[in-house]
Amino acid sequence: MKKYFTNNFDSKEKDEIEFLNQNIVSVNKKEYDYDYKFLNPNVVMLRMNDKNFIVTVSDNDEEEFYDVNLGSQMYKIVAKSELDLLVDKMSSGKNEGREKKEIYSPMPGIITKLNVSEGQKVNKGEVLLVLEAMKMENEIKAKKDCVIKKVNVTELKSVEKNELLLVLD
Amino acid sequence: MKKYFTNNFDSKEKDEIEFLNQNIVSVNKKEYDYDYKFLNPNVVMLRMNDKNFIVTVSDNDEEEFYDVNLGSQMYKIVAKSELDLLVDKMSSGKNEGREKKEIYSPMPGIITKLNVSEGQKVNKGEVLLVLEAMKMENEIKAKKDCVIKKVNVTELKSVEKNELLLVLD
Amino acid sequence: MFKKILIANRGEIAVRIITSAKEMGIKTVAVYSDFDRYSLFAKMADEAYHIGESPSAKSYLKAEKIIEVAKQSGAEAIHPGYGFLSERGFFAKMCEENGLKFIGPGYKAIDLLGSKTEAKILALKNNVPVVPGTEKPLHDFSLIKNIAKDIGYPILIKASAGGGGKGMRIVKEEADIESSLRMAQNEAKSSFGDDSVFIEKYIESPRHIEFQILADEYGNVVHLGERECSMQRRHQKIIEETPSVIMDEKMRNDMGECAKRIVKAAGYSNAGTVEFIVDTNNKYYFLEVNTRLQVEHPITEMRTGFDLVREQLKIASGEKLSFKQEDVVFKGHTIECRICAEDSENNFMPSTGKITYMKNVLSNGMREDTGIEQGNEISVYYDPMISKLISNGATREIAIEKMKRALRDYKLVGIKSNIAFLLNLLESEEYVSGNYHTQFIEKEFLGRLSSQKSSTDEETNAAVALAAVLFKEQKSLKIIKKAGNNSHSNNFWSNKRTESYR
Amino acid sequence: MFKKILIANRGEIAVRIITSAKEMGIKTVAVYSDFDRYSLFAKMADEAYHIGESPSAKSYLKAEKIIEVAKQSGAEAIHPGYGFLSERGFFAKMCEENGLKFIGPGYKAIDLLGSKTEAKILALKNNVPVVPGTEKPLHDFSLIKNIAKDIGYPILIKASAGGGGKGMRIVKEEADIESSLRMAQNEAKSSFGDDSVFIEKYIESPRHIEFQILADEYGNVVHLGERECSMQRRHQKIIEETPSVIMDEKMRNDMGECAKRIVKAAGYSNAGTVEFIVDTNNKYYFLEVNTRLQVEHPITEMRTGFDLVREQLKIASGEKLSFKQEDVVFKGHTIECRICAEDSENNFMPSTGKITYMKNVLSNGMREDTGIEQGNEISVYYDPMISKLISNGATREIAIEKMKRALRDYKLVGIKSNIAFLLNLLESEEYVSGNYHTQFIEKEFLGRLSSQKSSTDEETNAAVALAAVLFKEQKSLKIIKKAGNNSHSNNFWSNKRTESYR
């Protein structure tokens, strides 16, 4: 009778999942006959009330949610067991306000354009720098309004994957 | 510098294989630059002097040779290391003359025809019985001239895989 | 158009039907046996219902159960595929009685064409040639002799109560008729207690040529050309192609019109196949009508550009045919090979087991229809067909070359398959020249096969020997390492040079 | 015909070339970088030679090394594929000097058509329309004004020393010409120290339409119809189709004849593509000639039934074209989608990593060309294209429906892909109506995309939540079990009902 809670990162919708027995699961108090098979560690075939869903689930590189794909739609889902929530509660406050303050290179390449300098204010969506890799120019944009605290690279520098590029404030 | 000896069951051709170093193997004293990768436990991609060979190798159900497939050709190959040969030599004589005396059902099915009775002499190639399975009639034939020692089934009997059907003499 | 249909079948043909239905925005309902719980077709459908145990009689043949699921799921129509319930008039009737559309002809047409005698009478009435012979069982000696003379030798004597070749006799010339007839009648008498016989013309080295037809529910019928299906072993088709090398425009028109006449006369609708046998003088005789989609329908699709399942669904939903006979354009040459789990070197014994590796490389001009995935089991419950490979080229020669390349690059591990046998067939002089018939494989080809093992060059020989040794070595490594670490990928343990042999 | 050829390329196009060569009985030689040691193309070829490190400059661009391998292996000809050395005149010349046949046009034709200016002059000489404009850099104000008037507005001012959009200005009407020209010249002066400019007609919302041509070495040229390639993002084609919805028979003939004239005038042989831009009034202008096989060649193959690689090999070996323009028959509608490893939701950032699961279901009317196998790595070294899906249907609507179904059933795990983006594009009103142009994606589509998240029904929502939970549970089980037992098959840990959840 294990219980889970999920949270859709985009829609903020919360769902409650309870395994009632080996064939029946309840989602938000509605019961489903279910069956499943992992076709691969990241691909699960789900059958709920005889309806098929082939769902892929992956860890997201940098966030605590999973990338869930069904049909042509992507969902960002946080899944927690009752125990997880308890642990969260006890440790709450400790990591409060933790945010991404560093921008790392997502792949090896060359910085072909550097648009910011230390101390500069940037707006959400602004292109901070351009990384050329795999024959393509990739724009790295600001995810929110912020100030550039540190610039770790120069134009035309080659960078490795996960190399620190910028520190934000 | 491990050495192996192989034996083609059909052509009776014998080959000597010696690994000289991690890139070079000698087959019948001729050296080849080689590289390989198992694509699957039974499929190996071999590169010998820059020529590609995709070879599948399986254990044969009942015999000591491997079924080796290259192109559209099947080969029955016995592979032995020097050590194997030594062991064989020491234990030789013990299993001498061991031959298949029993015929087992290769799959579940129904005996739709039984052509032989106990004590009957049969010739190589003669149809001993017909097993119907997977919508097909499968003729079980004598592999050599022999005498039927025991008949373990009756016509229209269902049999399981590996059930003893006949004992030969 | 339907909003939801149920597919009363499994394997590759269920996958085939599901793909076209999905393309048309129709929801699909699969039904599955224990064995097929996670089979490709059962995963691909929008919904999937369990209907029973693995043996067909306890699942795919359970008409009531299937009808029940159709109603429960809200399906409006049932596609029967081929085999199973597809040619059972009673099932089509049950569908109708339950307010479900059967995607196929009406049950009356199925029953009419399902009776060999009635179908033959219908053909004769409609000027469609049938194999000359008697329609009623005969006893009388001299009458039989006269009829045989009319038909012309060679003739075939068949016990009217017989079946499966029992009580059959071929008579090559008149001198032998009396003795043969006497023997056939004695045999029939002792076997079946009835000495009456039929006689008909014996067709030597016949070809099996069939015509694909499409008929809507308003009497419009077109044919989509022929399929040459003479490459058979024990009445199982192995390689099919279109066009047939013996066909010219006139013969195609004549036979096509025959096919159209007979289905029209039967009040037939939906897709169907009219089968003929053709003698060595290119005279053709009606054989029977298959009242469903055929295994080999893809070669017609690739040569005409039609999607036959789409047409079936359109017809069943009451649409008129959207094209006329003159709009059917044939282009190029198409071949199908059936890859089966069987041991060609051991009397074609079906081969069961788990397919641990399965890999194709298709590219230009190739299509594959399969319901099998790597990791699947080939069981004793269903037929041993793993996959249909279809090639398409501007010419017959190109289509053959494409098929051979694809077969050579097709890898299948875990069961025995007929791939090498198919390649041998495609390389036979008779196939290359197109000069083959339904008895070719059994009477000519198999005997020759065992004697022709090609010799092996030094390099191939070295590769074979080395592969066997590497396999042996890996096996012993595996035993030492026991389970080892689990790798998710398909590329198992690769022996990089750095970690290679000492 | 050649007995052995070398393929100086990698990935899907190397696989494509190898299959056709094998079908023709030609032995194939692959060359591979460190990264590609066990890539599909390197395994499929009869022989495979290592030529260097993973970066292209150290392997696939090393002309001397490739020539050396060709000679060492006994190859008679080199197929360059697309990209890498395929349009480099010097490489074609090196082949010739080393007694190797370059499977493509002669180096003189490559160099001639490689020069934009010379190609434009050649087009004008042969009555092939080009975008109206000046051929020489200009300084003089009033002269420029007069020319602009002749050409007609809108016009484009380009700094002659510029590039990449710098110093470019669009002028919509004559009133703005003076100020725009002044600004453009000032910008050019300060950026490049040279204030001379070109002017040409500015084509708004242009379409990119190209013609496939085949030319033998005896002056015979045919075209195989057009390809509509206007669905682009940052000049990268994403979806291509044939026919183009704007094309009628007359326009196809006119453009096709233009294409033929220009390649004939260039002394061209082998396969090539003549690119045009087409304005909103269906006026077309010659753009350039791609002197090699295109990525999107399969759509032409499926619509005409030809095998372009086969034709290339025949032409290069000195055969005459075996057919004439009137023998080219177009049938049905064909679409290609390029599946790429990129994150469409994050500015199309290329996505690298290992593909742990890859599964297609093709069936009727679908083709896939890929050089990738499950378990392969997508690296930073080469372009991010994973696969080309090609659909073929009797009508455009059917071809679109088939493509959408196949994309929905296509599963790819381990990297991010543009599959959802492709589906969104195929469902856009503009694609459905065929009313799109090369700036559609960037100017119209991307902005709209983020705002349209479709709502999720209860069942889908439940499935998504449950899948996330099951994934979490399996992950923790895996950690507990550590490595676990190694399973060879593709069907990983299946949770049978019996061993299911408590």
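Everything numeric here is computed off the predicted structure, so don't read it as measured data. The sequence lines fix the lettering, A, B, ..., with proteins before strands; numbering per chain opens at 1. Below, each value reflects all heavy atoms present in this structure, side chains not excepted, and no hydrogens, waters or symmetry copies.
- C:E23 contributes atom CD, which lies 9.0 Å from atom CG of D:D409 (distance to the nearest 0.5 angstrom).
- Remark: D:K22 NZ to C:S363 OG distance equals 11.0 Å, nearest 0.5 Å.
- Counting heavy-atom neighbours within 6.0 Å of C:K27 NZ, excluding the residue itself, gives a total of 12 or less.
- Looking at C:D307, the atoms closer than 4.5 Å to chain D (heavy atoms on both sides) sit in the backbone and in the side chain alike.
- With chain C as partner, the option from D:L308, D:V329, D:I398 having the largest number of non-hydrogen pairs under 4.5 angstrom is D:I398.
- Put simply, CZ on C:R405 and CD1 on D:I18 are 10.0 Å apart, with the number rounded to the nearest 0.5 Å.
- Looking at C:K359, the atoms closer than 4.5 Å to chain D (heavy atoms on both sides) all sit in the side chain, from C-beta outward.
- Atom CD of C:E397 has 12 or fewer neighbouring heavy atoms from other residues, nucleotides or ligands inside a 6.0 Å radius.
- With a threshold of 4.5 angstrom between heavy atoms, C:R408 does not approach chain D through any atom at all.
- In this structure, OG1 on D:T19 lies 6.5 Å from NZ on C:K402, to the nearest 0.5 angstrom.
- With a threshold of 4.5 angstrom between heavy atoms, C:I400 does not approach chain D through any atom at all.
- Between D:R367 atom CZ and C:L362 atom CG the span is 10.0 Å, to the nearest 0.5 Å.
- Proximity to chain D is absent for every atom of C:V309, based on heavy atoms less than 4.5 angstrom apart.
- Side-chain atoms of C:K331 never come within 3.5 Å of backbone atoms of D:F330 as a donor-acceptor pair (strictly under, hydrogens ignored).
- For chain D, the nearby part of C:D369 is the side chain; its heavy atoms alone come within less than 4.5 Å.
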